[in-house]
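Presented below is the structure to which this report refers.
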Amino acid sequence: MKVKISYKGSTLIAGVIGELDHHSAEYIREKVDCELIKATTKNVIFDFSKVTFMDSSGIGVIMGRFKNVKKLNGKLSVTNVSEQMMRIFEMSGLLKVIPTYDSIDVAIKKM
């Protein structure tokens, strides 16, 4: 499990690679939070194109970052969510609060 961090202006793009579960949740949480404290970061996009599995710990990571970004008056979205992951998003209620997009480019335009 790793997370690839990149930027497009003031938007942090966190490309999660592998499984987002209780083993990797703390690592991703710390990595994204370290970037959030930088003055230039306002919005966050989670890229799920390379996520193979997610459990409730992953939901917690996303919701926690959503709350942190909201405090900064920023926006958080998730892109490239597979059908399998989309079911988890639907069942958990994440879709009610966090927008999902088909691509990073679309998400950036909506920020």
Side-chain angles (χ1 to χ4, degrees):
M1 164 47 66
K2 62 186 228 177
V3 60
K4 184 178 172 230
I5 302 291
S6 60
Y7 280 89
K8 195 106 179 197
S10 63
T11 300
L12 164 70
I13 301 164
V16 181
I17 301 164
E19 297 184 354
L20 180 45
D21 58 15
H22 68 281
H23 297 294
S24 60
E26 187 62 34
Y27 170 77
I28 293 170
R29 190 179 296 122
E30 287 174 8
K31 199 94 159 123
V32 172
D33 284 351
C34 281
E35 296 295 323
L36 273 178
I37 58 175
K38 293 180 180 176
T40 54
T41 306
K42 183 174 180 183
N43 302 314
V44 175
I45 297 172
F46 277 99
D47 179 7
F48 264 53
S49 60
K50 293 187 170 91
V51 174
T52 55
F53 173 82
M54 182 175 81
D55 67 9
S56 60
S57 303
I59 294 164
V61 168
I62 294 168
M63 279 310 298
R65 290 342 84 210
F66 174 75
K67 289 175 183 171
N68 292 348
V69 168
K70 212 170 171 161
K71 287 178 195 165
L72 300 170
N73 293 317
K75 293 180 181 175
L76 182 140
S77 62
V78 181
T79 64
N80 302 308
V81 181
S82 70
E83 268 184 54
Q84 181 185 358
M85 297 297 144
M86 194 58 86
R87 280 196 291 275
I88 295 168
F89 274 62
E90 285 170 13
M91 289 188 298
S92 67
L94 280 178
L95 289 181
K96 292 181 178 133
V97 287
I98 297 173
T100 61
Y101 300 105
D102 291 336
S103 73
I104 292 169
D105 290 339
V106 173
I108 288 170
K109 285 178 186 145
K110 300 282 186 178
M111 289 290 180

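Owing to the predicted nature of the structure, the values given are computational and were not obtained by experimental measurement.
By the 4.5 Å heavy-atom criterion applied to side chains, V81 and I88 are not counted as neighbours.
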Give the intermediate values and the outcome of side-chain contact (heavy atoms from CB on, under 4.5 Å) for residues T41 and Y7.
CA-CA 9 Å; T41 306; Y7 280 89; 3.0 Å; yes
Might you work through the salt bridge (Lys or Arg N to Asp or Glu O under 4.0 Å) test for E90 and R87, ending with a clear yes or no?
CA-CA 5 Å; E90 285 170 13; R87 280 196 291 275; over 6 Å; no
Could you go through F89 and V78, starting from their C-alpha distance and side-chain angles, then the distance that decides it, and tell me whether this counts as side-chain contact (heavy atoms from CB on, under 4.5 Å)?
CA-CA 10 Å; F89 274 62; V78 181; 3.9 Å; yes
Run the numbers on K4 and D47 for side-chain contact (heavy atoms from CB on, under 4.5 Å), then give the verdict.
CA-CA 9 Å; K4 184 178 172 230; D47 179 7; over 6 Å; no
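Minimum heavy-atom separation, F48 to M54: CE2-SD, 3.6 Å. In terms of heavy atoms, N73 sits closest to K42 at O-CE, 3.1 Å. Between T79 and S103 the shortest heavy-atom distance is CG2-O, 3.4 Å. Nearest heavy atom pair, residue L20 against residue G58, reads CG-CA, 3.5 Å. Across all non-hydrogen atoms, the minimal contact from V32 to A14 is CG2-CB, 4.1 Å. Of all heavy-atom pairs spanning S10 and T40, the tightest one is CB-O, 3.0 Å.
How far CG of L12 is from CG of L36: 6.5 Å, rounded to the nearest 0.5 Å. Atom CG in D55 sits 11.5 Å away from atom OG in S92 (nearest 0.5 Å). Annotation: the span from K109 atom NZ to I104 atom CD1 amounts to 12.5 Å, rounded to 0.5 Å. Atom CG in L76 sits 8.0 Å away from atom CD1 in I62 (nearest 0.5 Å). Atom OG of S57 and atom CG of D21 lie 6.5 Å apart (nearest 0.5 Å). From I28, atom CD1 reaches atom NE2 of H23 across 12.5 Å, with rounding to the nearest 0.5 Å.
Note on M85: it clusters hydrophobically with L94, by side-chain heavy-atom contacts below 4.5 Å among ILVMFWY residues. Residue L72 is grouped with residue V97 when hydrophobic side chains (ILVMFWY) are merged at heavy-atom distances under 4.5 angstrom, including chains of intermediate members. Connection of I5 to V69 is established within a shared hydrophobic cluster, with ILVMFWY side chains joined at heavy-atom distances below 4.5 Å, either directly or through further cluster members. When hydrophobic clusters are built by joining Ile, Leu, Val, Met, Phe, Trp and Tyr residues whose side-chain heavy atoms come closer than 4.5 Å, directly or via intermediates, V51 is grouped together with Y27. In terms of hydrophobic clustering, with Ile, Leu, Val, Met, Phe, Trp and Tyr side chains grouped at heavy-atom distances under 4.5 Å, L95 and I59 are assigned to a common cluster.
Not counting sequence neighbours, the partners of K38 by the salt bridge (charged side-chain N to carboxylate O under 4.0 Å, His left out) test are E35. Every residue meeting the salt bridge (charged side-chain N to carboxylate O under 4.0 Å, His left out) condition with D33, not counting sequence neighbours, appears here in chain and number order: R65.
A donor-acceptor pair under 3.5 Å is formed between the side chain of S24 and the backbone N or O of E19. A donor-acceptor pair under 3.5 Å links the side-chain atoms of N43 to the main chain of K75, judged by distance alone.
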